[in-house]
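Reading through the structure tokens given below for one structure.
Atom set for the values below is all heavy atoms of this structure, side chains included, hydrogens, waters and symmetry mates excluded.
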Amino acid sequence: MFDPTSNTATTTTAITTAMDSSSTASKPLHPLHQIAETPTHKLLLKQWLKEEELILGRMALKETQIDAVRKEITHLYTFFFLFHSTSLILLFNLSSKEDPQSRACQRSWIPSLCSLLCSLGLIWAIRYKTDMENHLEKLLEREKEDGKLLGKCVDELKKKGLEFDLLKEVDALRRAKSMRVEAKAVKKWSARDCVTLFFFSVSCIVVVLTRVILCS
């Protein structure tokens, strides 16, 4: 016997199932699922994530190198002042036992010249290390900029999924890296120049003190 109620219920169930499957099929996938199902986007994401790790590694290396150079600069500063203070003390002890018109005064140019040459050598080493520190800081800043730029592209890829235009975005990333121009402020006088002038002035004062100690 035909049951209209049962037939109606079956039809309703079929329609509901069809509507659910239709809505599920029409619902867009998450961008990460889209990337996982697209080989080109998936490969690009993997490459960018790997490049991010490499950038982080280079940044850590640059920071370690900067710390090492700063320690060397501190040691040079310390040695500079220890060398001159020790030499002045020794010369003072020597002059206290000698006559002002003795041969020590007549040959005072010898320790003065040695002091000046040692000072110039230390000043050159300090300037070289400070230039190296400045160069490493610029490289570190460049790595940070590259990391920010790459991280922005990775975020855009994760958000847009298949809507991410590979050709356009990758080309923009390459252009940004190749055409990036560092904004350099024109400095007539830098901090490194001030440090160099300070140590040169101290060296000249030490030369004068050497002459005074040996001849007074």
Suppose we screen for salt bridge (Lys or Arg N to Asp or Glu O under 4.0 Å). Which residues come up paired with Glu137, at least two apart in sequence or across chains? Arg70
Quick one: list whatever passes salt bridge (Lys or Arg N to Asp or Glu O under 4.0 Å) with Arg127, sequence neighbours left out. Asp131, Asp193
Honestly curious: do [X] and [Y] fall in one hydrophobic cluster under the side-chain, below-4.5 Å linking rule?
X: Val207; Y: Phe198; result: yes
X: Val202; Y: Phe92; result: yes
X: Leu120; Y: Phe81; result: yes
X: Leu116; Y: Ile205; result: yes

How far apart are the C-alpha atoms of Val208 and Cys204, what are their side-chain angles, what is the distance that settles it, and do they pass the side chain to side chain contact (heavy atoms under 4.5 Å, CB included) test? CA-CA 6 Å; Val208 174; Cys204 294; 5.7 Å; no
Spell out, as yes or no, whether a donor-acceptor pair under 3.5 Å connects the side chain of Thr210 to the backbone of Val206.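 Such a contact is found between Thr210 side chain and Val206 backbone.
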Under 3.5 Å donor-acceptor, Ser85 side chain and Leu82 backbone: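 Yes; at least one donor-acceptor contact below 3.5 Å.
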Roughly how far apart are [X] [atom1] and [Y] [atom2], rounded to 0.5 Å?
X: Asn134; Y: Met132; atom1: CG; atom2: CE; value: 12.0 Å
X: Ile73; Y: Thr78; atom1: CD1; atom2: OG1; value: 12.0 Å
X: Leu56; Y: Glu51; atom1: CG; atom2: CD; value: 11.0 Å
X: Ile123; Y: Cys118; atom1: CD1; atom2: SG; value: 11.0 Å
X: Ile126; Y: Thr74; atom1: CD1; atom2: OG1; value: 10.0 Å
X: Lys144; Y: Glu141; atom1: NZ; atom2: CD; value: 6.0 Å

Given Lys148, Arg58, Lys138, the one that forms side chain to side chain donor-acceptor pair (under 3.5 Å) with Glu143: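 One option only clears the test, and that one is Arg58.
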Shortest non-hydrogen contact between Lys129 and Leu76, atoms and distance: CG-CD1, 4.0 Å
Residue pair Met59 / Leu140: nearest heavy atoms and the distance that separates them: O-CD1, 3.7 Å
Worked verdict on Leu136 versus Val69 for side chain to side chain contact (heavy atoms under 4.5 Å, CB included): CA-CA 9 Å; Leu136 290 173; Val69 171; 4.0 Å; yes
Is any side-chain heavy atom of Leu88 closer than 4.5 Å to one of Leu209? yes
For residues 56-79, which residue pairs pass the ring pair (Phe, Tyr, Trp, His ring centres under 6.0 Å) check, not counting sequence neighbours?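 Listed once each, the pairs are Tyr77-Phe199.
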Is there any ring pair (Phe, Tyr, Trp, His ring centres under 6.0 Å) pair reaching into residues 125-147, and which pairs are they, with sequence neighbours excluded?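 Ring pair (Phe, Tyr, Trp, His ring centres under 6.0 Å) check on residues 125-147 returns Trp124-Tyr128.
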Quick check: are there more than 12 heavy atoms from other residues, nucleotides or ligands sitting under 6.0 Å from CZ of Arg211?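 At most 12 heavy atoms, drawn from other residues, nucleotides or ligands, come within 6.0 Å of this atom.
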For Ser119, side chain to side chain donor-acceptor pair (under 3.5 Å) partners two or more places apart: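 Expected list: His84, Ser203.
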Hydrophobic cluster of Leu61, others only, ordered by chain and residue number, side-chain cut-off 4.5 Å: none
